[in-house]
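To find a chain, count down the sequence lines: A is the first, B the second, and so on, and within it residues start at 1.
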Number of protein chains: 2
Amino acid sequence: MDEATGSADERAVEAHVRRLWRHRGVAVPQPRRGPRRRLDVDAVLDAAVGVADADGLAAVSTRAVAARLGLSAMALYSYVGTKDQLLDLVVDHASALPAWEDPGTSAAADLTAWAERLLALHGRHPWLAERPWAEAPGGPHQQDWLERLLEILERWEVPGGSRAAVVTTLYAVVEAAARTAAAHARTSGADAAAWLARATTTRRLVTDYADRYPRTLALPQHADDWRAAPAAAVRHTVEVLCRGLGLPGCAAPSGAG
Amino acid sequence: MDEATGSADERAVEAHVRRLWRHRGVAVPQPRRGPRRRLDVDAVLDAAVGVADADGLAAVSTRAVAARLGLSAMALYSYVGTKDQLLDLVVDHASALPAWEDPGTSAAADLTAWAERLLALHGRHPWLAERPWAEAPGGPHQQDWLERLLEILERWEVPGGSRAAVVTTLYAVVEAAARTAAAHARTSGADAAAWLARATTTRRLVTDYADRYPRTLALPQHADDWRAAPAAAVRHTVEVLCRGLGLPGCAAPSGAG
DNA sequence: GATCAACTCTATACACTGTATAGCAATACG
DNA sequence: CGTATTGCTATACAGTGTATAGAGTTGATC
């Protein structure tokens, strides 16, 4: 128990890591004196996830979360630290890896299963994509996702030099699909009118729009597919990736016609 | 000149679109009476880009931009509208499509050239990736990038059903690479210590880390490549994509060994 | 049991943010 | 010349994260 050693910064980092990994055998320091705590870390994170699910990540303010728990904003600090640390914890808290069996029939099938689960997670918590995943070492749940993906790549003997690229591509594509799906979902609301108004206004004011951007204009039919069926689009991307890597069990590239 | 018609919302949308497309034959409404304006839209956007380049997109506050111009915060409103509209304009303002000749030797070469230019743009303005590109119809420069990409896909006869997926994948991968590169660049600063401290603290506290995440631990050598040389990584991804699509001029898939 | 240190939680305050509102000064039109 | 219109400033208000101080509660120690 060397929590009292080191500078204040070091102790803050250690406390944060302990909270992140609190369900993986690491003890979050419990105070020995003082009034009984009314909450614990998970209670705070549940409340924060509730706020984020309801009103987006931007609505997760210290005061909003605290109000949900019947506390004042400053009371949260001893549970989850700074706002930045709170967001770290919230993202990981909502990112639990579900259980599933790899189909095992092909690399594409296994990777698709992984990607679809991650996409479904983002569907449940659309605000997850708002925080970039590359910034920090991440919590246990994020690590679980990565390790599971690497497990698949290893099993199908994806060459080492390609693994990092595949990892980044898969995360990026799933997040992009999730973001687009979220934007599409939001389009059912009042923002739909604003979006449309802006698009039509652009078409009306920019007189040479059709001349300048014929291919953009020709795209929408397909783009609608992409918006409405992100899962299919992700699956398609995974297949292309597997074919490009020459993994076993993938159909030959379709001719460029 | 029907600027005076419509609701206040409609007029705001129209003013915003006019400002976005101000260099493409659309006139931004000039007042007829009152004191001479000391600035114009581009001056405000130059200042905002300056702030963003120096201190990140989060530092772009109305007061900060105004201070750079020797004005008060409220003076900006008549130039660039709301803060959200300002950010829209800033992103597009910094996203000018550079001029380059397509190599034309292969689809991969043309797509790589496009992706490398976009990556270089993100390198010059690392904050560009902080704003998602899928949310709004976007300004002229963003449209230029998209149209240029679609041009390449058309020339190499990428099947229509794959185009939307390729577009999203390329944007997503370039942005992810840019973000990682930005994080890596930031690592030279004071954050490096924080990042490292957190990583080592995690390894120290989570005793079964190596047992749980052997593949994650085996990755870093390659991940370092990815971080240090994002251009190479993007190029690699483009090649994999092209092979997966069966585009002409691409090497056969490397064996899965 | 009294004392003291440790601790939780609240209240307040401060520096920020975006932006609504009101007023002063400058300009162009009738 | 008015006078309407506009640029810009100043002020104000509701937010934000969080530093600080204090009130109240608990466990350990004498």
Side-chain angles (χ1 to χ4, degrees), chain A residues 1 3-4 8-9 11-12 15-16 19 27-41 43-44 47-48 51-52 55-90 127 130-131, chain B residues 1 3-4 8-9 11-12 15-16 19 28-44 47-48 51-52 55-90 127 130-131:
Chain A
M1 291 295 167
E3 298 149 21
D9 286 351
R11 272 184 291 117
H16 182 49
R19 286 190 281 253
V28 13
Q30 293 292 343
R32 308 188 195 295
R33 280 195 263 270
R36 285 198 192 113
R37 319 194 86 184
R38 305 185 198 164
L39 269 47
D40 60 4
V41 180
V44 176
V51 173
D55 302 319
L57 197 62
V60 178
S61 69
T62 54
R63 286 170 176 86
V65 175
R68 228 171 218 249
L69 296 164
L71 295 182
S72 85
M74 295 307 298
L76 301 185
Y77 274 71
S78 73
Y79 290 104
V80 291
T82 229
K83 168 85 183 282
D84 232 50
Q85 296 173 329
L86 165 64
L87 290 182
D88 258 29
L89 290 164
V90 167
W127 41 271
E130 290 178 37
R131 277 224 120 191
Chain B
M1 291 291 171
E3 298 151 19
D9 287 352
R11 272 185 290 117
H16 182 49
R19 286 189 281 254
V28 13
Q30 294 293 341
R32 309 190 192 294
R33 279 197 265 272
R36 282 195 195 116
R37 322 194 84 184
R38 303 184 201 164
L39 269 47
D40 60 3
V41 180
D42 290 273
V44 176
V51 173
D55 302 319
L57 199 61
V60 178
S61 69
T62 55
R63 285 171 176 85
V65 175
R68 226 169 221 248
L69 296 163
L71 295 183
S72 86
M74 294 308 297
L76 301 185
Y77 273 71
S78 73
Y79 290 104
V80 291
T82 230
K83 168 86 183 287
D84 231 50
Q85 295 173 330
L86 166 64
L87 290 182
D88 257 29
L89 291 164
V90 168
W127 41 269
E130 290 177 37
R131 278 223 121 192

Next item on the list: State which residue, out of Leu39(A), Leu89(A), Leu71(A), fulfils the side-chain contact (heavy atoms from CB on, under 4.5 Å) condition with Val44(A).
Entry: Leu39(A)
Check: Within the structure, does a side-chain N or O atom of Tyr79(B) lie under 4.0 Å from either OP1 or OP2 of dC8(D)?
Finding: yes
Checklist line | Rounded distance [0.5 Å steps], CG in Asp88(A) versus CZ in Arg19(A) | finding: 11.0 Å
Check: Rounding to a whole Å, what distance do you find between Leu39(A):CG and dC7(C):P?
Finding: 18 Å
Next item on the list: Measure from the side-chain heavy atoms of Pro31(A) and tell me the nearest of dC7(C), dT20(D), dT27(C).
Entry: dC7(C)
Next item on the list: Could you tell me the separation between the CG atom of Leu76(A) and the P atom of dC9(C), rounded to a whole number of Å?
Entry: 9 Å
Notebook entry, point to check: Choosing from dG7(D), dT20(D), dT11(D), which nucleotide comes nearest the side chain of Met74(A)?
Noted result: dT20(D)
Check: The side chain of Tyr77(A) lies closest to which of these nucleotides: dT9(D), dT18(D), dT10(C)?
Finding: dT18(D)
Next item on the list: Quickly work out the Leu71(B) CG to dA10(D) C1' distance and round it to whole Å.
Entry: 14 Å
Notebook entry, point to check: To the side chain of Ala75(A), which of dT9(D), dG17(D), dC9(C) is closest?
Noted result: dC9(C)
Check: Whole Å only: how far is the CG atom of Leu69(A) from the C1' atom of dT10(C)?
Finding: 15 Å
Margin query: Tell me whether Thr82(B) contacts the main-chain N or O of Gln85(B) through its side chain, where contact means a donor paired with an acceptor under 3.5 Å.
Written below: no
Next item on the list: Grab the CG-C1' distance between Asp40(B) and dG7(D) for me, whole Å please.
Entry: 15 Å
Item checked: N or O in side chain of Thr62(A) less than 4.0 angstrom from dG17(D) OP1/OP2 -> yes
Next item on the list: Examine distances only and state if a side-chain atom of Arg37(A) and a backbone atom of Ser78(A) form a donor-acceptor pair shorter than 3.5 Å.
Entry: yes
Check: Are Thr82(B) and dT19(C) close enough that a side-chain N or O sits under 4.0 Å from OP1 or OP2?
Finding: yes
Next item on the list: Might you work through the side chain to side chain contact (heavy atoms under 4.5 Å, CB included) test for Arg131(B) and Val90(B), ending with a clear yes or no?
Entry: CA-CA 11 Å; Arg131(B) 278 223 121 192; Val90(B) 168; over 6 Å; no
Next item on the list: May I ask you to say what Ser61(A) touches in the nucleic acid, namely base, sugar-phosphate or nothing, with a heavy-atom cut-off under 4.0 Å?
Entry: sugar-phosphate
Margin query: Starting the side chain at C-beta, find the nucleotide from dA4(D), dT25(D), dG27(D) nearest to Arg33(B).
Written below: dA4(D)
Checklist line | Selection from dT20(D), dT19(C), dT16(D) that lies nearest to any side-chain heavy atom of Arg63(A) | finding: dT16(D)
Notebook entry, point to check: What's the NZ-C1' distance between Lys83(B) and dC16(C), to the nearest Å?
Noted result: 12 Å
Margin query: If you assign each of Val60(B) and Arg36(B) to its closest nucleotide in DNA chain C, which residue comes earlier from the 5' end?
Written below: Val60(B)
Check: Please give, in whole Å, the distance from dT26(D) P to Gln30(A) CD?
Finding: 16 Å
Notebook entry, point to check: Starting at CZ of Arg32(B) and ending at P of dA28(C), how long is that distance when rounded to a whole Å?
Noted result: 13 Å
Note to self: OP1 or OP2 of dG7(D) versus the side-chain N and O atoms of Arg37(B): is any pair under 4.0 Å?
What the structure shows: yes
